[in-house]
There are 2 protein chains.
Amino acid sequence: MPDDRLIFLIFTAQNKLRTYLNNALVAANAGVTFVQAGILFLLKQSNGRTMSDLSQLIGVDNSTLTGLVDRLEKVGFVARQASPTDRRSLLIQVTPEGIAAGDKAKVVIKRINEEIKTGHLPEEMEIFKSILRSFFEKFNKNDGSSSDDVQLSHK
Amino acid sequence: MPDDRLIFLIFTAQNKLRTYLNNALVAANAGVTFVQAGILFLLKQSNGRTMSDLSQLIGVDNSTLTGLVDRLEKVGFVARQASPTDRRSLLIQVTPEGIAAGDKAKVVIKRINEEIKTGHLPEEMEIFKSILRSFFEKFNKNDGSSSDDVQLSHK
DNA sequence: AATAAAAAGTTGGGATGCCAAATATTTGCC
DNA sequence: GGCAAATATTTGGCATCCCAACTTTTTATT
């Protein structure tokens, strides 16, 4: 499988990182996973965000975000509140416990972020990031056949 | 979130790729996802592998592999067979339909593999891959606190 | 030979992700 | 103002992933 090893490598490496990271968060008694911590950071920054804001900022679809917020609400890290200006909307409020959990997680996340960089030059990390960022342009349309349209538009 | 943007970037980029890829496989009527296709390739290469072999080669744990094989078996792409030499073992046989599905998927996977490389130098892709490969050394222990032990052993 | 330890595969639980559909509400258009 | 279109959120379905526990079988140890 020489040609698809790149995709395989991306997926399996990512799985390794995610597992390691979330286990580290367990070991640190953070009480949240990486993605949940991300939500808490966003709310610490600016409390009372809507579900749509959060799903966009976290980079997941709205139904995924519903589950994430459900689980955070269940353990008392966030609360849902009706929006005063739009009856379709909820404003998600972080609790003090949620702030604390997020702060605890942050230490672990920083550490592992540093571990990722260990042994690599800054220029190399830049290349790594720019390739990842290219995915957002290349694979933004969720229709896998749309790349043909992109190529046609270049002519 | 400056420091953890790298991890966030890895996860969200990977999600983009995975979604795009699996949608492309749907569009191509491959009838399998990327991971399922990986299993079919392995079986085309060498049919009758054990579940343990497959889980190792695919890079997932054995219970994940059980689900994957269940779903492939359900659509008639593989079959489970008792091992003649070890009563704990099963040998997974790919069917002709499974081979066909894998071949169809391969075309799409190759295309997207090329898309990933588009716009980047070969040396850049090498750097990208070597950073991903470093995850397998750095994050191999699933205990996130084990990095401290590693550091201690260096003294 | 007997027994402890390890291995094979499955089940169950939890988390995360996307897609589609549904309902209530808001916005845009005529 | 009335109605079509869009939006906010949830629910349900499916897939993928890890962890823990379990039962049967095999291997290793005594």
Side-chain angles (χ1 to χ4, degrees), chain A residues 11-27 31-39 49-56 58-75 80-92 139 141-144, chain B residues 8 11-27 31-39 49-56 58-75 80-83 85-92 139 141-144:
Chain A
F11 288 170
T12 49
Q14 183 269 156
N15 284 335
K16 279 285 178 190
L17 172 60
R18 189 186 291 259
T19 301
Y20 183 88
L21 173 55
N22 285 323
N23 285 337
L25 290 167
V26 168
V32 288
T33 62
F34 174 75
V35 181
Q36 291 171 2
I39 293 165
R49 294 184 196 255
T50 65
M51 295 289 279
S52 300
D53 285 346
L54 287 173
S55 69
Q56 264 195 16
I58 288 287
V60 299
D61 87 356
N62 39 19
S63 71
T64 304
L65 198 270
T66 296
L68 283 161
V69 170
D70 284 347
R71 289 185 289 278
L72 283 174
E73 191 176 32
K74 186 173 180 181
V75 295
R80 283 175 165 93
Q81 226 177 7
S83 161
T85 54
D86 183 343
R87 287 196 288 183
R88 299 170 299 181
S89 275
L90 296 170
L91 303 181
I92 311 300
F139 309 128
K141 274 285 177 178
N142 289 336
D143 175 4
Chain B
F8 175 77
F11 288 170
T12 50
Q14 184 271 154
N15 283 336
K16 281 284 179 193
L17 172 59
R18 189 186 290 258
T19 300
Y20 183 89
L21 172 55
N22 286 323
N23 285 338
L25 290 167
V26 168
V32 289
T33 63
F34 173 77
V35 182
Q36 290 170 3
I39 294 167
R49 293 184 196 255
T50 65
M51 295 290 279
S52 299
D53 285 347
L54 287 172
S55 68
Q56 261 195 19
I58 289 286
V60 299
D61 88 353
N62 40 16
S63 70
T64 305
L65 198 270
T66 296
L68 284 160
V69 170
D70 284 347
R71 289 186 288 279
L72 284 173
E73 191 175 32
K74 188 173 178 179
V75 294
R80 282 174 164 94
Q81 226 176 9
S83 161
T85 54
D86 182 342
R87 287 197 288 184
R88 298 169 299 180
S89 274
L90 296 169
L91 303 180
I92 311 300
F139 309 127
K141 274 285 178 175
N142 288 336
D143 174 5

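Below, chain A is the first sequence line, B the second, and so on; all start at residue 1.
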Task: Evaluation steps, side chain to side chain contact (heavy atoms under 4.5 Å, CB included), between T50(A) and L91(A) - done: CA-CA 5 Å; T50(A) 65; L91(A) 303 181; 3.8 Å; yes
- [ ] Show the numbers, then the answer: is there a side chain to side chain contact (heavy atoms under 4.5 Å, CB included) between R80(B) and I92(B)?
- [x] CA-CA 5 Å; R80(B) 282 174 164 94; I92(B) 311 300; 3.7 Å; yes
Open item on the list: Applying side chain to side chain contact (heavy atoms under 4.5 Å, CB included) to R18(A) and F11(B), what does each step give before you reach the verdict?
Closed with: CA-CA 8 Å; R18(A) 189 186 291 259; F11(B) 288 170; 3.6 Å; yes
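Of the possible donor and acceptor atoms, none in the side chain of N62(B) sits under 3.5 Å from a partner among the backbone N and O of S52(B). Checking side-chain atoms of D61(B) against main-chain N and O of S55(B) turns up no donor-acceptor pair under 3.5 Å.
Atom CZ in F34(B) sits about 10 Å away from atom P in dC17(D), given to the nearest Å. Between R71(B) atom CZ and dT10(C) atom P there is a gap of 13 Å when expressed in whole angstrom units. N23(A) has its CG atom 16 Å from the P atom of dC17(D), to the nearest Å. Taking atom CD on E73(B) and atom P on dT10(C), their separation rounds to 9 Å, with Å as the unit. Look at CZ on R80(B): it is 9 Å from P on dG9(C), rounded to the nearest Å. One interatomic measurement links the two molecules: CG of L90(B) to C1' of dT25(D), which rounds to 13 Å at whole-angstrom precision. Atom-to-atom, CD1 of I39(A) to P of dA15(C) comes out at 13 Å; the value is rounded to the nearest Å. Protein atom CG of N62(B) is 12 Å distant from nucleotide atom C1' of dC17(D), rounded to whole Å.
Checking the phosphate oxygens (OP1, OP2) of dC19(C), no side-chain nitrogen or oxygen of N22(B) falls inside 4.0 Å. Dashed line: the shortest gap from a side-chain N or O of R18(A) to OP1 or OP2 of dG17(C) is under 4.0 Å. The shortest distance between the side-chain N/O atoms of T66(B) and the OP1/OP2 oxygens of dG9(C) is not below 4.0 Å. Taking 4.0 angstrom as the limit, Q36(B) places a side-chain polar atom (N or O) nearer than this to OP1 or OP2 of dT16(D). A sub-4.0 Å separation between OP1 or OP2 of dG9(C) and a side-chain N or O of S55(B) is absent.
Looking only at side-chain heavy atoms (C-beta outward), T66(A) and D70(A) come within less than 4.5 Å of each other. Using a 4.5 Å heavy-atom threshold, the side chains of L65(A) and I39(A) count as touching.
In terms of position along DNA chain C, the nucleotide closest to L91(B) lies nearer the 5' end than the nucleotide closest to the other residue of the pair L91(B) and T64(A). Where G67(A) and D70(B) each meet DNA chain C at their nearest nucleotide, the meeting point lying more 5' is that of D70(B).
Judged by atom type and distance alone, S63(B) does not reach the base of dC17(D) through any side-chain donor-acceptor pair under 3.5 Å.
DNA chain C lies under 4.0 Å from at least one heavy atom of each of the following residues of residues 81-89 of chain A: D86(A), R87(A), R88(A).
Side-chain proximity of T33(A) to the nucleotides dT16(C), dA15(D), dC19(D) is greatest for dT16(C). Distances from the side chain of N15(B) to the nucleotides dG17(C), dT10(D), dC19(C) place dG17(C) closest. The listed nucleotides are dG9(C), dC17(D), dC19(C); the one nearest the side chain of M51(B) is dG9(C).
T50(B) comes within 4.0 angstrom of the backbone, heavy atoms only, and of no base. L68(A) comes within 4.0 angstrom of the backbone, heavy atoms only, and of no base.
Applying the side-chain hydrogen bond (donor to acceptor under 3.5 Å, both in side chains) rule to R71(B) yields no partners; only residues at least two apart in sequence or on another chain are considered.
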